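Remarks on the structure that follows.
Quick note on labels: first sequence line is chain A, next is B, and so on, each numbered from 1. Only a predicted model underlies this, so the values are computations on that prediction, with no experimental measurement involved.
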There are 2 protein chains.
Amino acid sequence: MVTTWLDDEQLNVWVRLKAVMELLPSALDSELRRAAELTYFEYYVLAMLSEADGRVLRMSALAARTNATLPRLSHVVRKMAERGLVRRTPDPQDGRSVLVHLTEEGYAVLVAAAPGHVDAVRRYVFDRLDDEQVSQLGAIADAMLDRLDPEGVLTHEYRRPADPGRPAG
Amino acid sequence: MVTTWLDDEQLNVWVRLKAVMELLPSALDSELRRAAELTYFEYYVLAMLSEADGRVLRMSALAARTNATLPRLSHVVRKMAERGLVRRTPDPQDGRSVLVHLTEEGYAVLVAAAPGHVDAVRRYVFDRLDDEQVSQLGAIADAMLDRLDPEGVLTHEYRRPADPGRPAG
DNA sequence: GGCAAATACTTGTTCCTACAACTATGCCTG
DNA sequence: CAGGCATAGTTGTAGGAACAAGTATTTGCC
């Protein structure tokens, strides 16, 4: 371990980055709960399913895309199934696996929630950034992800030219 | 509500920013738990106290600096007091308030944990960024904080010229 | 083809956090 | 110098996530 301290500018930047990481997710979570009775996490479960072929994913694939542990996802999906947002079926290919399907109702809930969520993302993130800063932020995030997620599990296929599928966000 | 969709680049950047916000805090939390038996939150409780005059803060001031609710902080501080990391005393100025003091032991734990934590921050955040990107990131975070924390409660005094106090992180 | 190991999930427990209700102290107003 | 209101914390309860253990299915190997 090298124990080099951060210089003053780095320390300053870190304090602000840390503040953003604490405030932004909870701000978005609040808006989703209020407007759509969805948690931030549940929203992205629906979003990931909506982007998948046939709107179906196996539990483990869904867990990877949402950065969830399997136990956590299992509990959440059970409750979402009780609400009718998703449906679970056994995988005919592999009896150990469970397929999670996005229902019509779940898709409708996502479509209803998406504009408000996207609007919140714009307000909090993009409104005050010019085009150059947006592309700078992309490069910076990429650099960090080299260390944090070298496999690109979470960025999925978003490191290639953008997937225009809607709704995403 | 305006319901403008994000353009492709914005969507791409958002996916990556979101990934950073999910992975980075938990990566830092893991390292602190492993190396120092401190949560990310507890570490910053100690850090905020260490930077305060006399290494003392009132509960409400500490809650503001750590972005915690008072109930949450109350529980955590009670446990940290049981471990001997902090000490609580009534405020002679105001009988409603409680002063939280950093103990020598708490300071020692912070000093022992800081190098590893700072090292992790460097590895995950700064190592792959050049000086220009660091300053870009500072400006970008500032822009977001205009909306997220207009009062600057969390950035405290870090928007002014850097406070060289060590250890911070 | 049968046994061991690996995979894919589920269930149960524990810890942590948020929200709500409560207590105690200080302030302010008539 | 009351009575009412605001402030500062604590405690209790309920929901969410992490970790550990258990179940079922498939795969690999002799």
Side-chain angles (χ1 to χ4, degrees), chain A residues 21-23 25-34 37-45 49 56-83 85-101 153-154, chain B residues 21-23 25-34 37-45 49 52 56-83 85-101 153:
Chain A
M21 289 193 307
E22 293 194 2
L23 295 171
S26 69
L28 297 174
D29 191 71
S30 301
E31 296 233 11
L32 277 168
R33 282 175 192 267
R34 183 183 50 73
E37 296 189 8
L38 288 173
T39 65
Y40 189 47
F41 179 71
E42 288 166 341
Y43 178 89
Y44 279 95
V45 167
L49 288 174
V56 181
L57 285 171
R58 295 193 317 167
M59 286 291 287
S60 47
L62 186 54
R65 280 167 178 70
T66 55
N67 191 35
T69 59
L70 226 25
R72 176 184 180 189
L73 186 65
S74 180
H75 287 301
V76 171
V77 163
R78 178 178 49 72
K79 277 185 273 188
M80 291 176 75
E82 287 167 6
R83 289 169 67 183
L85 303 177
V86 299
R87 196 176 60 249
R88 292 189 291 180
T89 64
D91 183 348
Q93 315 278 297
D94 185 338
R96 296 169 300 180
S97 297
V98 172
L99 298 177
V100 184
H101 305 256
V153 179
L154 265 173
Chain B
M21 290 193 307
E22 293 195 2
L23 296 171
S26 69
L28 297 174
D29 191 71
S30 301
E31 297 232 10
L32 279 169
R33 283 175 191 267
R34 183 183 50 71
E37 296 188 8
L38 288 173
T39 65
Y40 189 46
F41 180 70
E42 289 165 341
Y43 177 89
Y44 278 95
V45 168
L49 287 174
V56 182
L57 285 173
R58 296 193 316 166
M59 287 290 288
S60 47
L62 186 54
R65 279 166 179 71
T66 56
N67 192 35
T69 59
L70 225 25
R72 176 185 180 188
L73 185 65
S74 180
H75 287 301
V76 171
V77 163
R78 179 178 49 72
K79 276 185 273 189
M80 291 176 75
E82 287 166 7
R83 289 169 68 184
L85 304 177
V86 299
R87 197 177 60 249
R88 292 188 292 179
T89 64
D91 183 346
Q93 314 280 297
D94 185 338
R96 296 168 300 179
S97 296
V98 172
L99 298 177
V100 185
H101 304 256
V153 179

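As rounded to whole Å, 15 Å separates atom P of D:dG15 from atom CD of A:E37. Rounded to a whole Å, the CG atom of B:L62 is 14 Å from the P atom of D:dA8. Between the CG atom of B:L73 and the P atom of D:dG9 there is a distance of 9 Å, given to the nearest Å. D:dT26 atom C1' lies 12 Å from atom CZ of A:R58, rounded to whole Å. Spacing between atom CD of A:Q93 and atom P of C:dA8 amounts to 14 Å, rounded to whole angstrom units. Note: CG (B:L57) to P (D:dG9) measures 11 Å, nearest angstrom. Going from atom CD of A:E22 over to atom P of C:dA18 covers 11 Å, rounded to whole Å.
Nearest heavy-atom pair, B:P90 versus B:P92, reported as atom, atom and distance to 0.1 Å: O-CD, 3.3 Å. Shortest non-hydrogen contact noted between A:T66 and A:L154 is C-CD2, 4.3 Å.
With sequence neighbours left out, the ring-ring contact (aromatic ring centres under 6.0 Å, His included) criterion links B:F41 to no other residue. Shown here are the salt bridge (Lys or Arg N to Asp or Glu O under 4.0 Å) partners of A:E22, two or more places apart in sequence or in another chain: A:K18. By the side-chain hydrogen bond (donor to acceptor under 3.5 Å, both in side chains) test, B:R33 is found to be paired with B:D29, residues two or more places apart in sequence or in another chain being considered. In this structure B:S74 satisfies the side-chain hydrogen bond (donor to acceptor under 3.5 Å, both in side chains) test with no other residue, sequence neighbours excluded. Take A:R96 and apply the salt bridge (Lys or Arg N to Asp or Glu O under 4.0 Å) test, not counting sequence neighbours, and it matches A:D94. Residues passing the side-chain hydrogen bond (donor to acceptor under 3.5 Å, both in side chains) test with B:H101 are B:T89, sequence neighbours excluded. By the side-chain contact (heavy atoms from CB on, under 4.5 Å) test, A:S60 pairs with A:R58, sequence neighbours left out. Contacts of A:R83 classified as salt bridge (Lys or Arg N to Asp or Glu O under 4.0 Å), with partners at least two apart in sequence or in another chain: A:E42. By the side-chain hydrogen bond (donor to acceptor under 3.5 Å, both in side chains) test, A:E82 is found to be paired with A:R78, residues two or more places apart in sequence or in another chain being considered.
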Checklist line | Contact state string [nucleotides 2-7 of chain D, B base, S sugar-phosphate only, - no protein heavy atom under 4.0 Å] | finding: -----B
Distances under 3.5 Å only, N/O to N/O: pair up the protein atoms with those of nucleotides 11-17 of chain C.
from, atom 1, to, atom 2, distance (Å)
C:dG12, O6, A:H75, NE2, 3.4
C:dC16, OP2, B:K79, NZ, 2.8
C:dT17, OP1, B:R72, NH2, 2.9

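Residue B:D91 is out of contact with every strand shown, counting any heavy-atom pair closer than 4.0 Å.
For the helix from C:dG1-D:dC30 to C:dG30-D:dC1, the rotation axes defined at the first and last 5 base pairs enclose an angle of 20°, given to the nearest 10°.
Contact between the side-chain N/O atoms of B:S97 and the OP1/OP2 oxygens of C:dT25 is not found at any separation under 4.0 Å.
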